[in-house]
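Remarks on the structure that follows.
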2 protein chains.
Amino acid sequence: MTTTKLGRPRSLDIKQAATIAMNLFWERGYETVGIADLTKAMSIKPPSLYAAFGNKAGLLEKALEQYQSQEGKNFKPAFDAKTKEEFIKKLFSTAANSYTKHKTLKGCLVLEGTRNTADKTALEISTRFVLSTHEAISEKLSQLNVENNLTIADLCITVLFGLSAYAKAGISRERLQAVAHKMSEGIVININ
Amino acid sequence: MTTTKLGRPRSLDIKQAATIAMNLFWERGYETVGIADLTKAMSIKPPSLYAAFGNKAGLLEKALEQYQSQEGKNFKPAFDAKTKEEFIKKLFSTAANSYTKHKTLKGCLVLEGTRNTADKTALEISTRFVLSTHEAISEKLSQLNVENNLTIADLCITVLFGLSAYAKAGISRERLQAVAHKMSEGIVININ
DNA sequence: CTAGTTTTGTAGTGGTCACTATATTATCCT
DNA sequence: AGGATAATATAGTGACCACTACAAAACTAG
C-alpha cells in the first residue's frame, strides 16, 4: 500500500499559505481581504488557491485552525489553573495581553474575523470556533465546581468579545490590562 | 429676510432616508449594505442620495445621529441614577435589553456598524460616537464620585462591546440578561 | 414670459469581487 | 517512451462596488 501521489506535485505549502491568510484575515477581516490580496501574498495564482482550499471560506477554516493552534497556547496557563479565581484572572489577563500583543494584529481572529460578513458559510465556520471556546470554558468551570457554569461561561465569552473589540478599536495595552484586572476582581468575588 | 429656497424642491425626506439607512446598516453593517440597496429602499436614484448626503459615509453619519437620538433614550434611566450601583446595574441591563429587542436589529449600531470596514472615513465617524459614549459614562461616574472613573468607563465600554457582539452573534435575550445581571453584581461590589 | 437655481432620473463610469474554462507543466506508472 | 493524473499559469467570466456626467424637471426671481 504505497501512498505515493500521482500527478504534478504541489508546490504550494498549505500550512504556510494558511498562515499567510491567517495574518491577513486577522489584520483586516475576512471580507476586506480579497482573493487577489491572498494570492499575491502567497505568490500564487487563484487556481492554486482554489485547488488547495476549495473556496475562500475553506481557506478561512484552515486559517482559523492555524490561529487556534498558534494563539491557543497563550491560554494554557489559564486552563491549567487549580482554582476558579486563578482561572478567571488568567483568562482575562491573557486575553488583554494577547489581543494587544501586535501592532497590526489586534483582537481575536475568531471573534472579529467575520463581523458584518454576508458570507453565511464563513460565518458558520467562525461560529463553530466560538462555540468550542464556550464549551472549553464551561467545562473548565464545571471541573472547578463553579455554580451556574453556563452563565459564567457566557459572561466570560462576553468579556472576551469586549476585550477583543476594544483592542481592535485601538485601546492601549495598559488600559486594556487595567480593565481585565478590575473585571476579574469583581467577577471572582461574585462567583461560587 | 425671506428664507425661500431657489430651485427644484427636494422630494426626498432626509430624516426618513436616514432612518431607512440606519435600519439597513444596523441589520447588515455599513459595508455589506450597497448604494443600490439604500436607493431601492428609499425609492430614489443614486444622484438624489449623493446630493443629500455627499457620500456613503455622510449618510452613515446621519444614520448614527438618528440612532443615537432614537436608541439613546433607552439609557435615560441609567444616566438619571442617583448611585453608582444603580447606574452600573441599569447601564448593563438596558444594554442587554435593547441589544436583543428586535429580531433583525441586533447589537449596537455604533459599536458594530463599521467593524472590518476599509473605509477610513466611516470608521472615524463611528469612532467619534464611541468616544462620546465613553465621555458620557466617565462623566457620570465622576459625578457619582467613583474612583478611577476613566478605568471604570473603559470597563463599561468593554462590557457594552461584549454584550453587543454577543447579541449580534445570536445569544438569547434571557442569557444576555443573566450575563448583564451577574456582571453588574460583581462590578458594583468592586468599585469605590 | 425668460433666466437662474437646485433636484431629479437616465444611463452609465472604471474598478474590484469571488471564481473558473482551458491549456500547460510536472510528476508517477506501465 | 507514452499514457494517466494532478497542480499549475493564462486569461478571462459576469456581478457587483461606490460614484457621476448629463440633461430633463420643478421651482423662484425678475
Distance, rounded to the nearest Å, where A:R8 contributes CZ and C:dA26 contributes P: 5 Å
Worked check of side-chain contact (heavy atoms from CB on, under 4.5 Å) between B:K140 and B:Q143: CA-CA 5 Å; B:K140 179 69 186 175; B:Q143 286 167 7; 3.9 Å; yes
Neighbour count above 12 (heavy atom, 6.0 Å) for A:E139 CD: no
Considering all heavy atoms, the nearest B:A167-B:L176 contact: CB-CD2, 3.9 Å
Value in whole Å for how far the P atom of D:dC17 lies from CG of B:L24: 12 Å
Whole-Å gap separating P (C:dT6) and CG (B:L12): 17 Å
Minimum-distance nucleotide (side-chain atoms of B:R10 versus C:dT7, D:dT28, D:dT8): C:dT7
side-chain N/O A:T4 vs C:dC29 OP1/OP2, d < 4.0 Å: yes
Parallel, tilted or perpendicular: rings of B:F25 and B:Y30 (30°, 60°): tilted
Side chain to side chain, B:F87 and B:I137, heavy atoms closer than 4.5 Å: yes
Separation of C:dT7 C1' from B:D13 CG (nearest whole Å): 15 Å
Residue whose closest nucleotide on DNA chain C lies nearer the 5' end, B:I44 versus B:G7: B:G7
Rounded distance in Å - CE (B:M42) to C1' (C:dT8): 16 Å
Whole-Å gap separating C1' (C:dC19) and CG (A:L38): 13 Å
What does the list of N/O pairs under 3.5 Å between the protein and nucleotides 18-20 of chain D look like, with a distance for each?
| unit_1 | atom_1 | unit_2 | atom_2 | d |
| --- | --- | --- | --- | --- |
| D:dA18 | OP1 | B:V33 | O | 3.3 |
| D:dA18 | OP1 | B:K56 | NZ | 2.7 |
| D:dA18 | OP2 | B:I35 | N | 2.8 |
| D:dC19 | OP2 | B:Y50 | OH | 2.9 |
| D:dC19 | OP2 | B:K56 | N | 3.1 |
| D:dC19 | O5' | B:Y50 | OH | 3.4 |

Nearest-angstrom distance from the residue atom CZ of B:F53 to C1' of C:dT7: 14 Å
Distance test, side-chain N/O of B:S48 to OP1/OP2 of C:dT8, below 4.0 Å: yes
Whether B:F161 and A:Y166 hold their rings parallel, tilted or perpendicular, with breakpoints at 30° and 60°: tilted
Whole-Å gap separating C1' (C:dG9) and CG (B:L49): 14 Å
Close side-chain approach of A:E31 to A:N116, heavy-atom, < 4.5 Å: no
